[in-house]
Chemist: 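Take this structure, written in structure tokens, and hold onto it; I'll ask about it next.
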There are 2 protein chains.
Amino acid sequence: MTKHLYVREQLRAQIATMQPNDLLPKERELAETFQVSRNTVRQALQSLIEDGLIYSVRGHGTFVSDRRISKGLGLTSFTEDMRARNLEPATRLITATQRPAPDDIARTLELQPGEPVYYLERLRLADGFPMCFERLHLPTSLFPKLLDQKLDASLYELFAARYRTVVATAEQHITATELQKRHADLLGVPAKSAAMLVSRRGIDNRGRIVEYGQSLYRADRYGFDLTVRR
Amino acid sequence: MTKHLYVREQLRAQIATMQPNDLLPKERELAETFQVSRNTVRQALQSLIEDGLIYSVRGHGTFVSDRRISKGLGLTSFTEDMRARNLEPATRLITATQRPAPDDIARTLELQPGEPVYYLERLRLADGFPMCFERLHLPTSLFPKLLDQKLDASLYELFAARYRTVVATAEQHITATELQKRHADLLGVPAKSAAMLVSRRGIDNRGRIVEYGQSLYRADRYGFDLTVRR
DNA sequence: AAGTGGTCTAGACCACCCT
DNA sequence: GGGTGGTCTAGACCACTTT
């Protein structure tokens, strides 16, 4: 545990007991209190500012933010997302195969056409009810013997534990669509119901394209909350 | 112009000429080159890392990112959003009235029930084609004589110019829905088509709730692109 | 062992806001 | 003028990776 992380967590706890627009102690005071340099205090404050918990005004002070900002839309797995919503995530594996990449998938994953990819279909449940149907495409070269693994849990956790691959960035496209009968049946809603369609391309910390997935979320059960700033 | 901003812009220009995964000079070299301290170099690098242009590996070096990341989803007005997509924005004002706030609107705007609000309905066009139908609720107290203004242009620009109010933060909820006949007709699509429903609460830099709006976007023409990071 | 980025220090001056 | 956060310095040691 580094000092600035320690200071940050102490401050986070203190902020939780304060009111919006309350004034925090001066940076020089905090440095004295925690027996660290002012730069270290500033490192901790900067991190809290980026989280939206506090804001600072030059020549004035540092304050608790007006509203508690929900974390917005970070890069989270379905598993993490559901846990954050206090729902119990589960997964039903529907299909898991290896096949040559169709042209459009190869292009998205930046592979040569026909290179082998894994294709997975999974139904994601929350507290036992269908929430989302997803199709995933993964380069086989990055995940040897993937199909021998347990695929009805968090894939991101499997990637990290088994393949030392962390999805660091994701490019997402969000839109709406009408559900085909098959997908509607899986999700337990009438055909042609509206759903959220999320296409995601996951990239690891070395810049390799790790996954391409499309998820269909039940619109009656799911939405994105995000807070954006100027 | 501060030093770290100068260093950052110089580096940004240099990065533009480099290939993904190219190695940047060591921090200590950069400090020497620019005749600044290593901390200042690190401040510039940190900013570029947050923009996704570079990444660093401890004990190894700092590298150009594999992909140029689009800026994701900021707080933009419809007008700005369309211009960014190279589409010409336009607006057709459908309704503009003043009325007592219904209970749910009052609650969302944190007003007393029955306090007066403006209610606007507008059809937003891109290159002349319907893109989005929006309903807006605004506290009258913040925008005296709003209905006398020109309401078929960017409201955010009007707020800034006429009322010195800048929407600094917005809480958004994004989901999908089926269009009612009236809304489908306005947007020029069949009834019950899928659409994106975006609810937005805008907050100014003093923490006042400035607007509550619901927008229905044609799903065939519109989606959100966003890049998220761990 | 050598070299990298990550953390931390103690001190200084600047830009801005208040009284 | 006095106090705040913002910037910057020169130097040190640590954690990690590669040789």
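For clarity, every value in this text was computed on a predicted model and none was experimentally measured.
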Chemist: Nearest whole angstrom, please: distance from the C1' of D:dG6 to the OH of A:Tyr55.
Modeler: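 Whole-Å distance recorded here is 18 Å.
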Chemist: Could you tell me how far apart A:Gln46 (CD) and D:dG5 (P) are, to the nearest whole angstrom?
Modeler: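 One finds 13 Å between P of D:dG5 and CD of A:Gln46, rounded.
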Chemist: When you check the side-chain N and O atoms of A:Tyr156 and A:Glu211, is any donor under 3.5 Å from an acceptor?
Modeler: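 Yes.
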Chemist: Would you mind reading off the distance between B:Leu30 atom CG and D:dT9 atom P, rounded to a whole angstrom?
Modeler: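 About 13 Å, once rounded to whole Å.
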Chemist: Where the side chain of A:Glu27 is defined as all heavy atoms beyond and including C-beta, which of C:dC8, D:dG6, D:dT4 is the nearest nucleotide?
Modeler: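 The listed nucleotide nearest to A:Glu27's side chain is D:dG6.
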Chemist: In whole Å, I'd like the distance from the NE2 atom of B:His4 to the C1' atom of C:dC14.
Modeler: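 Those two atoms, NE2 and C1', are 14 Å apart.
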Chemist: Specify the separation, in whole Å, of atom CZ of A:Phe34 and atom C1' of C:dT7.
Modeler: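 Taking CZ of A:Phe34 and C1' of C:dT7, I get 17 Å after rounding.
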Chemist: Quick one: A:Leu45 CG to D:dT4 C1', roughly how many Å, whole number?
Modeler: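 So the two atoms are 13 Å apart, to the nearest Å.
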Chemist: In whole angstrom, give the distance that lies between atom CG of B:Leu5 and atom P of D:dC8.
Modeler: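 After rounding, the reported distance stands at 7 Å.
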Chemist: For B:Phe159 and B:Phe143, I'd like to know if the aromatic rings sit close, meaning centre-to-centre distance below 6.0 Å.
Modeler: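 For B:Phe159 and B:Phe143, the ring centres are under 6.0 Å apart.
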Chemist: Can you check whether B:Thr40 has a side-chain N or O nearer than 4.0 Å to OP1 or OP2 of D:dT9?
Modeler: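 For D:dT9, OP1 or OP2 has a side-chain N or O of B:Thr40 closer than 4.0 Å.
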Chemist: Does A:Glu110 use its side chain to pair, donor to acceptor, with the backbone of A:Arg107 at less than 3.5 Å?
Modeler: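 A pair under 3.5 Å: no.
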Chemist: Given the ring of B:Tyr212, does B:Arg201 sit roughly above its face, with NZ or CZ under 6.0 Å from the centre of the six-membered ring and within 45° of the axis?
Modeler: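 No; the conditions do not both hold, so B:Arg201 does not lie above the ring face of B:Tyr212.
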Chemist: Pairing donors with acceptors under 3.5 angstrom, does anything connect the side chains of B:Ser47 and B:Arg8?
Modeler: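 The criterion, which ignores hydrogens and geometry beyond distance, is satisfied for B:Arg8 and B:Ser47.
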Chemist: Grab the CD-P distance between B:Gln35 and D:dC8 for me, whole Å please.
Modeler: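 From B:Gln35 CD to D:dC8 P: 14 Å.
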Chemist: Considering only heavy atoms from C-beta outward, does the side chain of A:Ile174 approach that of B:Leu226 to under 4.5 Å?
Modeler: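 They are in side-chain contact.
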Chemist: What string of B, S and - do you get for nucleotides 10-19 of chain D, 5' to 3', when a contact is any protein heavy atom under 4.0 Å?
Modeler: B-BB-BBS--
